[in-house]
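Please read the structure below before turning to the comments.
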Amino acid sequence: MELKLALGEWSGRFDMEKAVCNHGFFMMSPNLWIPSTNSLRRPLRLSDSSRSVPVTISHPLHHPFLLIQVHHSPISSADEAVILEQVGRMLRISKKDERDVMEFQEMHSSARENGLGRIFRSPSFFEDAVKSILLCNCSWKRSLNMARALCLLQPKIALDGNARSKRKRSKCSDDIGNFPSWKELLAWSWVDEKYLIKQCNVGYRAARILQLATMFAQGDLREDHIAKLEQSSDPTSFETLYQKLLKIKGFGPFVCSNILMCVGFYQRIPSDSETIRHLKQVHGKQNCSKVTIGKDVEEIYGKYNPFQCLAYWVELIEEYESKFGKLSKLEAANYHLITATSYLGTRE
């Protein structure tokens, strides 16, 4: 079956390729970008949150809507609403997001000329947060492999019994599922730190992932509160979330800033060693270091307040596409070849 998500008054400015292929998250499982059709395929949750269905998202040329092909039927009206909500979150289809894009493009001529300003994200905050952890202290190839391993694990721990039974009957050990939810990770006593390390090779990140899941289970983090925050422009609320995340062991400034960027707060730039390299090579900041990075990014990007992070990201996209070609044209089998890019993989 097919669903349509109206783009509204900004349909003429929406570019599917640029809305997706601007952040390493689009390369991480279970996302699959299809260059030949400019479409995105992945599983999305249904309204009961325990079941998932594969969908393909595209933007028909000159049409004021996104087309979502649901490769499963039938689904309920509640399921349809939840699918549209997830697609809207990934591609930032909301009045708040559109206002941010327009205000940023008024400040940044290159972003305006190239139609940039949306940063791709996941269907859920939890997936964004876990993937932010997977970016740290490792190669980009390993980040991709860890995300894939978690998606291979998901059918084994699905709360939907039919999904688990199907996995057991399958002769293929390489069936990609959805990205695990926090409920799935906590539902089984055998899914502990050691198990995640063995099955997904996530190393020390296993404890951080399970701690994050526990915060949701205990109500310290709530999906409905985060959804409201994503439509807010109150910097105090974002700062509260930032400080709460910093209390999680292993969640340093880069991880927390990256998560806030996904939520829609762009004043904190996720800075790391690659940021230092970028400022040295692109902006001539030869003395930039971990000590001076805060001052340096403010000097360069402060004029774009409250969209400093968007300005930084536009530069990264332009720099790396000049080196590797258009990200949207890369085949998935070659994603791992792209290295030394902070928006694809980084070190805290």
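Screening residues 37-53 for salt bridge (Lys or Arg N to Asp or Glu O under 4.0 Å), with sequence neighbours left out, gives R42-E127, R45-E184, D48-R51. The list of ring pair (Phe, Tyr, Trp, His ring centres under 6.0 Å) pairs with a residue in residues 274-295, not counting sequence neighbours, reads H278-H283, H278-Y312, H283-Y301.
In summary, K323 and E319 engage in a salt bridge, as defined by a charged side-chain N under 4.0 Å from a carboxylate O. With respect to D224 and R222, a salt bridge is recorded, a charged nitrogen being found less than 4.0 Å from a carboxylate O.
Considering only residues two or more places apart in sequence or on other chains, S77 meets the side-chain hydrogen bond (donor to acceptor under 3.5 Å, both in side chains) condition with none of them. Here P64 pairs with S11 under the side-chain contact (heavy atoms from CB on, under 4.5 Å) rule; sequence neighbours left out. For N145, there are no side-chain hydrogen bond (donor to acceptor under 3.5 Å, both in side chains) partners, not counting sequence neighbours. For P54, the side-chain contact (heavy atoms from CB on, under 4.5 Å) partners two or more places apart in sequence, or in a different chain, are H71.
In this structure a side-chain-to-backbone donor-acceptor pair under 3.5 Å is present from W188 to I157. Under the 3.5 Å distance criterion, the side-chain polar atoms of R205 are matched with a main-chain donor or acceptor of C136. N305 contributes no side-chain N or O that, together with a main-chain N or O of G302, makes up a donor-acceptor pair within less than 3.5 Å. Distance alone, capped at 3.5 Å, places no donor-acceptor pair between the N114 side chain and the L116 backbone. A donor-acceptor contact shorter than 3.5 Å is absent between the side chain of H23 and the backbone of V20. Checking side-chain atoms of K244 against main-chain N and O of D220 turns up a donor-acceptor pair under 3.5 Å. Under a 3.5 Å cut-off, the side chain of K290 and the backbone N or O of S273 do not form any donor-acceptor pair. At distances below 3.5 Å, not a single donor-acceptor pair connects side-chain atoms of D128 with backbone N or O atoms of V263. In this structure a side-chain-to-backbone donor-acceptor pair under 3.5 Å is present from N31 to F25. The backbone N or O of V255 lies less than 3.5 Å from no partner atom in the side chain of N258, so there is not a single donor-acceptor pair.
Just one residue in the list K18, E17, E321 forms a side chain to side chain donor-acceptor pair (under 3.5 Å) with S328, and that residue is E17.
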> Given N137 and Y204, is the side-chain hydrogen bond (donor to acceptor under 3.5 Å, both in side chains) satisfied, shown in steps?
Replying inline: CA-CA 10 Å; N137 299 313; Y204 74 91; 2.8 Å; yes
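Both L5 and L3 are assigned to one and the same hydrophobic cluster, defined by single-linkage of ILVMFWY side chains at heavy-atom distances under 4.5 Å. Cluster membership for L61 and I57, using ILVMFWY side-chain heavy atoms within less than 4.5 angstrom, is not shared.
When the shell of 6.0 Å around NZ of K4 is examined, it contains 12 or fewer heavy atoms from other residues, nucleotides or ligands. Atom NZ of K96 has more than 12 neighbouring heavy atoms from other residues, nucleotides or ligands inside a 6.0 Å radius.
A distance of 8.0 Å separates OG of S39 from CD of Q69, quoted to the nearest 0.5 Å.
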